[in-house]
**Student:** 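Structure in structure tokens, see below.
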Amino acid sequence: MSEYNHKEIEPKWQENWQNQNIYQVKLDPNKPKYYVLDMFPYPSGAGLHVGHPLGYIASDIVSRYKRLKGFNVLHPMGFDSFGLPAEQYAIETGQHPAITTENNIATFKKQLNKIGFSFDWSREVRTSDPNYYKWTQWIFGQLFNAWYNQDSDKAESIDSLIARFEKEGNSNISAACDEDTPSFSSEEWNNFTEEQKAEMLLKYRLTHPSEAVVNWCPALGTVLANDEVKDGFSERGGHPVERKKMKQWMMRITAYADRLISNLDSLEWSESLKEMQRNWIGKSQGCELNFKVVDSDIELTAFTTRADTIFGVTYIVIAPEHELVTQLTTPEQKETIEAYVQTAVNRSERERMSEVKNVSGAFTGSYAINPFSGEKVPIWIADYVLAGYGTGVVMAVPSSDDRDFRFANYFGLPIIRVIEGTEELENPCEIKHGKMINSGFLNGMDSVAAIAAISAKAEEQGIGKVKVNYKIRDAVFSRQRYWGEPVPVYFKEGIPHLLENEELPLELPAVNEYKPTETGEPPLGRATDWKYQGQYPYELTTMPGWAGSSWYFLRYMDANNEEEFVSQEAVKYWNSVDLYIGGTEHATGHLLYSRFWNNFLFDMGLIHHKEPFQKLVNQGMIQGRSNFVYKVKNENKFVSLGLKDQYEVSTLHVDVNIVENDVLDIEAFKKWRPEYTEAEFVLEDDKYLCGYVVEKMSKSKYNVVNPDDMIAKYGADTLRMYEMFLGPLEHDKPWNTHGIDGVAKFLRKLWRLFHDNEGSLVVTENEPAKEALKVLHKTIKKVEEDIENLSFNTSVSAFMVCVNELASMKCNNQKVLKDLLVILSPYAPHISEELWSKLGQSGSVLDANFPAWDETYLKEDAHEYPISINGKMRVKMTFALDMSPKDIEAEVLANETVQKWLQGKTPKKVIVVPKRIVNVVI
RNA sequence: GCCGGGAUGGUGGAAUUGGUAGACACGCAAGACUUAAAAUCUUGUGCCCCUUGGGGCGUGCGGGUUCAAGUCCCGCUCCUGGUACCA
């Protein structure tokens with residue numbers, strides 16, 4: 001007897017598909033295109049675990065489905081192959097990271113292919129491949145040679161800026177540029193030396209070196225971007241991060257802040273993800289107000305979103321790092337201030353964050369004048385004011401800001417209430433908006449109107465201006481590491497020069513070690529004879545991990561083009577990604593940087609879609625489900641879960657691969673941990689039961705489940721369907737195999753339905769029964785709708801119901817099977833292809849047409865109505881669809897059960913909703 | 001603190017968007033086949049009362065709207081993701 005045997009079928013078809021290059025896709029203007037993309041993985045040494053393929057399976061189902069629907073589908077895969085782990089390994093072992101990476105990629109590909117994905121490997125990209133990073137460097141060059149024109153609201157070539165400088169100087173130019181850019185006339189510009197011109201242009205270029213306070217991670221020996229730092233620790237490795245001023249390459253992403261927010265509206269992304277990006281960019285509308293310092297020429301500018309509360313200002317606070325601190329400090333306060341600045345600077349970012357609720361500060365001795373009330377208010381310094389946001393100066397209003405309130409209370413500073421209703425409150429900050437009081441000419445005005453009034457008056461009197469602030473900072477683009485793209489720049493007289501296009505790629509040089517040099521230079525400083533034209537030093541930092549991943553979706557369109565980063569023909573045809581599936585952890589990193597680069601390339605006319613990812617779905621994380629055994633302390637004895645409370649035990653993680661449904665395989669355990677070969681096991685119900693907990697999948701918790709093992713045991717089709725069956729794609733869920741038998745059973749049942757005991761295909765060829773067609777078309781409709789809605793788990797259920805019903809009517813009809821295989825093939829391609837070929841169908845099931853469901857088979861001639869009495873379902877009755885509501889009502893009232901409930905009374909109302917329900921109200 | 005998402009049987013999850021709550025699957029129980037096991041099949045399975053027929057209660061908690069609420073509105077509780085002296 002021959003049963004369904006995945007071990008035979010799956011490798012056979014995988015090989016077959018590969019030999020026929022069946023997944024290779026070509027640009028075809030006669031077909032509509034569909035682009036399905038997965039976030040490409042970092043090829044770690046650990047290989048894939050069962051969590052990785054979740055999103056890939058979903059995207060593969062959509063790809064195969066769209067192909068059956070007649071689309072020309074682009075579904076590529078590649079590797080984000082620059083990164084820290086390979087480099088750390090290189091530091092430890094001396095092995096070149098390229099070798100590690102190559103090996104890991106081979107493992108990944110082997111694992112991926114076993115799952116039966118329809119990737120077009122001829123388009124594979126690897127960010128660490130010089131043929132790829134050549135173009136990453138080229139895009140860097142495009143950014144270097146561009147500036148952002150705020151009047152046209154787009155990036156333009158740097159040449160257009162130079163032309164304008166020559167003609168009119170810079171005073172009429174509205175551009176994204178450094179804060180400290182001086183203004184100059186055309187004459188002055190034309191008289192600048194070449195170096196001066198070059199220096200000046202750096203203030204405008206979209207990527208440029210700049211002295212900035214950065215996140216420095218001593219343990220990793222590199223700077224990190226804001227999104228790579230979590231709570232004062234590096235995201236990778238969890239090492240402490242310090243603030244440090246260093247010269248770095250920067251990307252002027254702030255120029256795009258507004259567009260990155262407004263474009264979000266047109267995207268089909270989850271609201272939470274859009275919100276994350278909005279918060280990260282952190283746009284806030286407000287105004288800057290100037291405060292004259294008493295007995296001084298100094299004017300302090302404070303940014304506020306609550307200009308209406310100006311009459312409530314009782315002091316000014318500036319950041320301890322603020323450049324005017326020394327000048328503002330009076331001789332009497334000098335000692336106090338210097339001591340405070342010292343402690344503030346010495347405190348790490350982490351300490352500062354953990355002491356958020358601790359109030360601290362010092363008085364400078366100086367006073368400032370409130371421009372509206374004319375009041376004299378003291379100037380303080382405090383580390384709750386951040387030098388990097390706004391102007392580093394805050395006008396403190398203790399009556400409407402919690403932090404100011406806390407500070408004022410602590411130091412005994414006055415509090416003026418300016419909102420009606422706060423007079424009696426102990427904490428006036430509880431009411432933030434309302435009618436203005438104690439506020440001069442604002443009295444009686446609503447706070448929202450008052451903001452506008454103050455802003456207008458400030459602008460009119462030249463004591464302030466309307467201003468928009470962003471939280472987002474320009475992105476640090478330098479990494480003091482080896483395993484990344486070299487920045488294609490050399491220095492001549494200290495001025496950075498870009499390499500010519502013909503000179504790209506600038507390949508990574510060989511180095512004897514992957515550590516920083518003794519003088520503290522990045523690893524590239526170890527390269528010998530690595531100079532441009534033998535004399536000019538190259539930039540020694542490399543690009544960050546997000547550089548290569550910020551445009552890879554474009555390269556897939558034309559992956560092997562040696563002339564351009566992507567051809568116009570390809571980019572016009574494939575356009576943007578229709579469906580992007582990946583994890584939410586990239587919300588404020590990759591997904592923001594990619595949008596930035598894509599917007600830039602759009603501005604430069606190099607691509608023709610504003611946004612890279614039209615629809616985005618975040619698949620949930622598959623967590624590990626760790627198992628525990630309980631060892632009795634000081635004894636070589638283990639007790640089962642239910643008995644552990646009777647002993648004093650220590651809890652040990654046990655490899656989940658030797659536990660099935662929480663029952664430990666004791667022999668396997670003894671083999672796994674030879675030191676316990678002699679151990680005694682106390683069982684319950686003849687079994688050793690393990691405890692469990694859901695936590696992150698990781699090697700150290702012995703809860704990693706490898707897809708290869710699952711495939712060996714159940715087959716790829718079962719794994720694919722089971723991962724979908726587990727629940728909605730977006731949900732986080734622990735991996736457990738409790739239900740996988742159900743899916744395996746389904747495939748066996750399908751197989752058996754169309755085979756005899758000897759394993760030969762047995763099908764009938766006559767017209768299928770109407771009942772069978774009804775089941776089939778119901779399933780076609782459901783599966784189509786489910787895939788369109790990315791609701792894969794309910795499709796799997798639909799297939800199960802379908803096969804169960806066909807089995808119960810013993811339908812082994814060929815025509816039914818044929819359509820069933822087509823709709824099943826996105827989920828379970830191997831078994832579908834096998835049966836398809838057994839049926840004698842020509843070609844691959846991949847190239848079949850997705851059958852259209854036929855309404856005539858789904859039409860009911862009668863509907864079974866639930867009959868409710870006062871909203872509670874009591875009985876069911878069937879009525880023809882063309883029956884009038886009046887007739888239905890009459891029959892319902894005549895029904896025996898309804899009569900019983902009516903007890904002779906006439907009902908108040910009878911509601912008949914066609915094809916829904918009949919409700920009798922008594 | 002602020003902004004998202006959520007809470008449905010023993011478990012994972014369904015529910016035509018206001019209309020039969022618990023599809024499908026796991027688990028469990030009973031039975032069939034078998035020397036036995038595996039596999040397969042059949043039946044039952046939200047909770048409670050009840051001899052049956054049947055009845056009552058049920059979607060985190062408390063109110064409300066409605067003929068009808070898991071679904072809508074108001075007020076809580078808990079879980080989860082993001083973010084945080086951003087003025």
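Note that the coordinates shown come from a computational prediction; the quantities given were computed from them, not determined experimentally. Chain naming here is simple, since letters A, B, ... match the order of the sequence lines and numbering starts at 1 in each.
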**Student:** For B:rA14, take OP1 and OP2 only and decide whether either is under 4.0 Å from a side-chain N or O of A:Asn793.
**Tutor:**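 So the side-chain polar atoms of A:Asn793 do come within 4.0 Å of the phosphate oxygens OP1 or OP2 of B:rA14, strictly under.
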**Student:** Using whole Å, report how far CZ of A:Arg278 lies from P of B:rG81.
**Tutor:** 22 Å
**Student:** Taking atom C1' in both B:rU16 and B:rG12, compute the distance separating them and give it to the nearest angstrom.
**Tutor:** 22 Å
**Student:** Using a 4.0 Å heavy-atom cut-off across all strands, classify A:Arg748 as base, sugar-phosphate, or nothing.
**Tutor:**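 Contact class for A:Arg748: sugar-phosphate only.
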**Student:** In whole Å, what is the span from the CG atom of A:Leu591 to the P atom of B:rG82?
**Tutor:** 15 Å
**Student:** Looking only at atom types and distance, does a side-chain atom of A:Thr779 sit under 3.5 Å from a main-chain N or O of A:Phe799, one as donor and one as acceptor?
**Tutor:** no
**Student:** Under 4.0 Å, counting only non-hydrogen atoms across every strand here, what does A:Ser272 touch: a base, just sugar-phosphate, or nothing?
**Tutor:**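 Sugar-phosphate contact only.
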**Student:** For the pair made of CE in A:Met724 and P in B:rA14, what is the distance, rounded to whole Å?
**Tutor:**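 It is 13 Å, rounded to the nearest whole Å.
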**Student:** Counting any heavy atom closer than 4.0 Å, what does A:Lys274 reach on the DNA or RNA strands: base, sugar-phosphate only, or nothing?
**Tutor:** nothing
**Student:** Checking all strands, does A:Arg874 fall into the base, sugar-phosphate, or nothing category for heavy-atom contacts under 4.0 angstrom?
**Tutor:**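 Sugar-phosphate: the residue A:Arg874, judged by heavy atoms under 4.0 Å, touches backbone atoms but no base.
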**Student:** Determine the Euclidean distance between corresponding C1' atoms of B:rU20 and B:rC26; express it in Å to zero decimal places.
**Tutor:**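 So the two C1' atoms sit 25 Å from each other.
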**Student:** Mind checking what makes side-chain hydrogen bond (donor to acceptor under 3.5 Å, both in side chains) contact with A:Thr588, not counting sequence neighbours?
**Tutor:** none
**Student:** Nearest to the side chain of A:Ser284, which nucleotide is it out of B:rA23, B:rA87, B:rG4?
**Tutor:**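 Shortest atom-to-atom distance from the side chain points to B:rA87.
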**Student:** To the side chain of A:Thr794, which of B:rA14, B:rC86, B:rA25 is closest?
**Tutor:**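 Nearest to the side-chain atoms of A:Thr794, counting from C-beta on, is B:rA14.
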**Student:** Can you tell me, in whole Å, how much space there is between the P of B:rC33 and that of B:rA38?
**Tutor:** 16 Å
**Student:** At under 4.0 Å between heavy atoms, what does A:Pro728 touch on the DNA or RNA strands: base, sugar-phosphate, or nothing?
**Tutor:**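 Touches sugar-phosphate only.
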**Student:** Rounded to the nearest 0.5 Å, how far does CE of A:Met710 lie from CD1 of A:Ile740?
**Tutor:** 5.5 Å
**Student:** Let's see if you can work this out: which of B:rC24, B:rC86, B:rG13 has an atom nearest to the side-chain heavy atoms of A:Leu386?
**Tutor:**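 Among B:rC24, B:rC86, B:rG13, the one nearest the side chain of A:Leu386 is B:rC86.
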**Student:** Base, sugar-phosphate, or nothing for A:Val921, non-hydrogen atoms under 4.0 angstrom?
**Tutor:**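 Sugar-phosphate contact only.
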**Student:** So which nucleotide from B:rU20, B:rA23, B:rG55 ends up closest to the side chain of A:Glu864?
**Tutor:** B:rU20
**Student:** Taking only residues two or more places apart in sequence, or in another chain, which ones meet A:His586 in a ring-ring contact (aromatic ring centres under 6.0 Å, His included)?
**Tutor:** A:His590
**Student:** So if I apply the ring pair (Phe, Tyr, Trp, His ring centres under 6.0 Å) rule between A:Tyr722 and each of A:Tyr827, A:Trp735, A:Phe746, which one comes out positive?
**Tutor:**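 That would be A:Trp735; it is the only one of A:Tyr827, A:Trp735, A:Phe746 passing the ring pair (Phe, Tyr, Trp, His ring centres under 6.0 Å) with A:Tyr722.
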**Student:** Which listed nucleotide (B:rG13, B:rC24, B:rC26) is nearest to the side chain of A:Lys745?
**Tutor:** B:rC26
**Student:** Expressed as a whole number of Å, how far does the P atom of B:rU71 sit from that of B:rA21?
**Tutor:** 14 Å
**Student:** Can you check the distance between B:rG56 and B:rG60, where both ends of the measurement are the C1' atom (answer in whole Å)?
**Tutor:**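 The answer is 22 Å between these two C1' atoms.
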**Student:** A:Glu585 has an atom CD; how far is it from atom P of B:rG4, in whole Å?
**Tutor:**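 Going from CD in A:Glu585 over to P in B:rG4 covers 22 Å.
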**Student:** For residues 796-811 of chain A, which residue pairs pass the side chain to side chain donor-acceptor pair (under 3.5 Å) check, not counting sequence neighbours?
**Tutor:**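 Output for this query lists A:Lys749-A:Asn804.
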**Student:** For A:Tyr389 and B:rA87, is the shortest distance between a side-chain N/O and OP1 or OP2 below 4.0 Å?
**Tutor:** yes
**Student:** Suppose you measure atom C1' in B:rC47 against the same atom in B:rG10; what distance do you get, rounded to whole Å?
**Tutor:** 12 Å
**Student:** Which part of the nucleic acid does A:Lys471 contact within heavy-atom distance under 4.0 Å: base, sugar-phosphate only, or nothing?
**Tutor:**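 It contacts base atoms.
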**Student:** Return the value, rounded to whole Å, for the distance between atom CZ of A:Phe405 and atom P of B:rA87.
**Tutor:** 20 Å
**Student:** List the atom pairs, with distances to 0.1 Å, where a side-chain N or O of residues 915-922 of chain A and a protein N or O form a donor-acceptor pair under 3.5 Å, not counting sequence neighbours.
**Tutor:**
{"unit_1": "A:Asn919", "atom_1": "OD1", "unit_2": "A:Asn870", "atom_2": "N", "d": "3.4"}
{"unit_1": "A:Asn919", "atom_1": "OD1", "unit_2": "A:Gly871", "atom_2": "N", "d": "3.0"}

**Student:** Return no unless some side-chain N or O of A:Lys909 is found under 4.0 Å from OP1 or OP2 of B:rC67.
**Tutor:** yes
**Student:** Between B:rA25, B:rC3, B:rG55, which one does the side chain of A:Asn804 approach most closely?
**Tutor:**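 Nearest nucleotide to the side chain: B:rA25.
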**Student:** Looking only at side-chain atoms of A:His738, point me to the closest of B:rC41, B:rG55, B:rC26.
**Tutor:** B:rC26
**Student:** Classify A:Ser868 by what it touches in the nucleic acid, base, sugar-phosphate, or nothing, heavy-atom distance under 4.0 Å.
**Tutor:**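 Nothing, no nucleic acid heavy atom in range.
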**Student:** For RNA chain B, which residues in residues 911-918 of chain A have a heavy atom at a distance below 4.0 Å?
**Tutor:** A:Ile911, A:Val913, A:Arg916, A:Ile917
**Student:** Between B:rU8 and B:rA14, how far apart are the C1' atoms? Round to whole Å, please.
**Tutor:**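 Comparing C1' positions in B:rA14 and B:rU8 gives a spacing of 10 Å.
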**Student:** Could you check how far OH of A:Tyr827 sits from P of B:rC24, rounded to whole Å?
**Tutor:**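 Rounding to the nearest Å, OH of A:Tyr827 and P of B:rC24 are 18 Å apart.
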**Student:** Students often get this wrong, so: under 4.0 angstrom with heavy atoms, is A:Asp741 touching a base, only sugar-phosphate, or nothing?
**Tutor:** nothing
**Student:** Looking only at the side chain of A:Phe303 (C-beta and beyond, no hydrogens), which of the listed nucleotides B:rU40, B:rC3, B:rA87 gets closest?
**Tutor:**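 Nearest nucleotide to the side chain: B:rA87.
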**Student:** For the side chain of A:Asn919, counting heavy atoms from C-beta on, which of B:rG55, B:rC41, B:rC67 is nearest?
**Tutor:**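 Of the options given, the side chain of A:Asn919 lies nearest B:rC67.
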**Student:** Between A:Trp901 and A:Asn736, name the one whose nearest nucleotide on RNA chain B is closer to the 5' end.
**Tutor:**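 Upstream on the strand: A:Asn736.
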**Student:** For RNA chain B, what string of dots and brackets results from 5' to 3' when Watson-Crick and G-U pairs need both distances under 3.5 Å, crossing pairs get [ ], and pairs with another strand get |?
**Tutor:** (((((((..(((......[....)))((((((.......))))))((((....))))..(((((..]....))))))))))))....
**Student:** Using atom CG of A:Asp732 as one end and atom P of B:rG4 as the other, report the distance to the nearest whole Å.
**Tutor:**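 One finds 19 Å between P of B:rG4 and CG of A:Asp732, rounded.
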**Student:** Quick one: does A:Lys733's side chain have a donor or acceptor within less than 3.5 Å of a partner on A:Pro728's backbone?
**Tutor:**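 Yes; judged by distance alone, with no hydrogens or angles, the pair exists.
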**Student:** Please classify B:rU17 as syn or anti, treating any glycosidic angle within 90° of 0 as syn.
**Tutor:** syn
**Student:** Closest approach to the side chain of A:Arg403, judged atom by atom: which nucleotide of B:rA21, B:rA87, B:rC24 is it?
**Tutor:**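 Comparing B:rA21, B:rA87, B:rC24 against the side chain of A:Arg403, the answer is B:rA87.
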**Student:** ring-ring contact (aromatic ring centres under 6.0 Å, His included), that's the test. Do A:Phe792 and A:Phe725 meet it? Break it down for me.
**Tutor:** CA-CA 7 Å; A:Phe792 306 103; A:Phe725 184 67; over 10 Å; no
**Student:** Taking the chi torsion of B:rG9, is it syn (within 90° of 0) or anti (everything else)?
**Tutor:**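 Because its glycosidic torsion lies within 90° of 0, B:rG9 adopts the syn conformation.
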**Student:** Could you label the plane-to-plane angle of the A:Phe411 and A:Trp380 rings as parallel, tilted or perpendicular, counting under 30° as parallel and over 60° as perpendicular?
**Tutor:** tilted
**Student:** Could you check whether A:Arg595 makes a cation-pi contact with A:Trp280, meaning its NZ or CZ is under 6.0 Å from the centre of the six-membered ring and within 45° of the ring axis?
**Tutor:** no
**Student:** Closer to the 5' end of RNA chain B via nearest nucleotide, is it A:Thr588 or A:Lys900?
**Tutor:**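 Closest to the 5' end, via its nearest nucleotide, is A:Lys900.
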**Student:** What I want to find out is whether A:Asp402 reaches A:Arg406 closely enough, with some N-O distance under 4.0 Å, to be called a salt bridge.
**Tutor:**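 Result for this pair is no, no salt bridge flagged.
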**Student:** Regarding A:Lys781 and the six-membered ring of A:Trp853, is the cationic atom NZ or CZ under 6.0 Å from the ring centre and inside 45° of its axis?
**Tutor:**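 The answer is yes; both the distance and angle limits are met.
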**Student:** Could you measure between the two C1' atoms, the one in B:rG62 and the one in B:rG55, and give it in whole Å?
**Tutor:** 27 Å
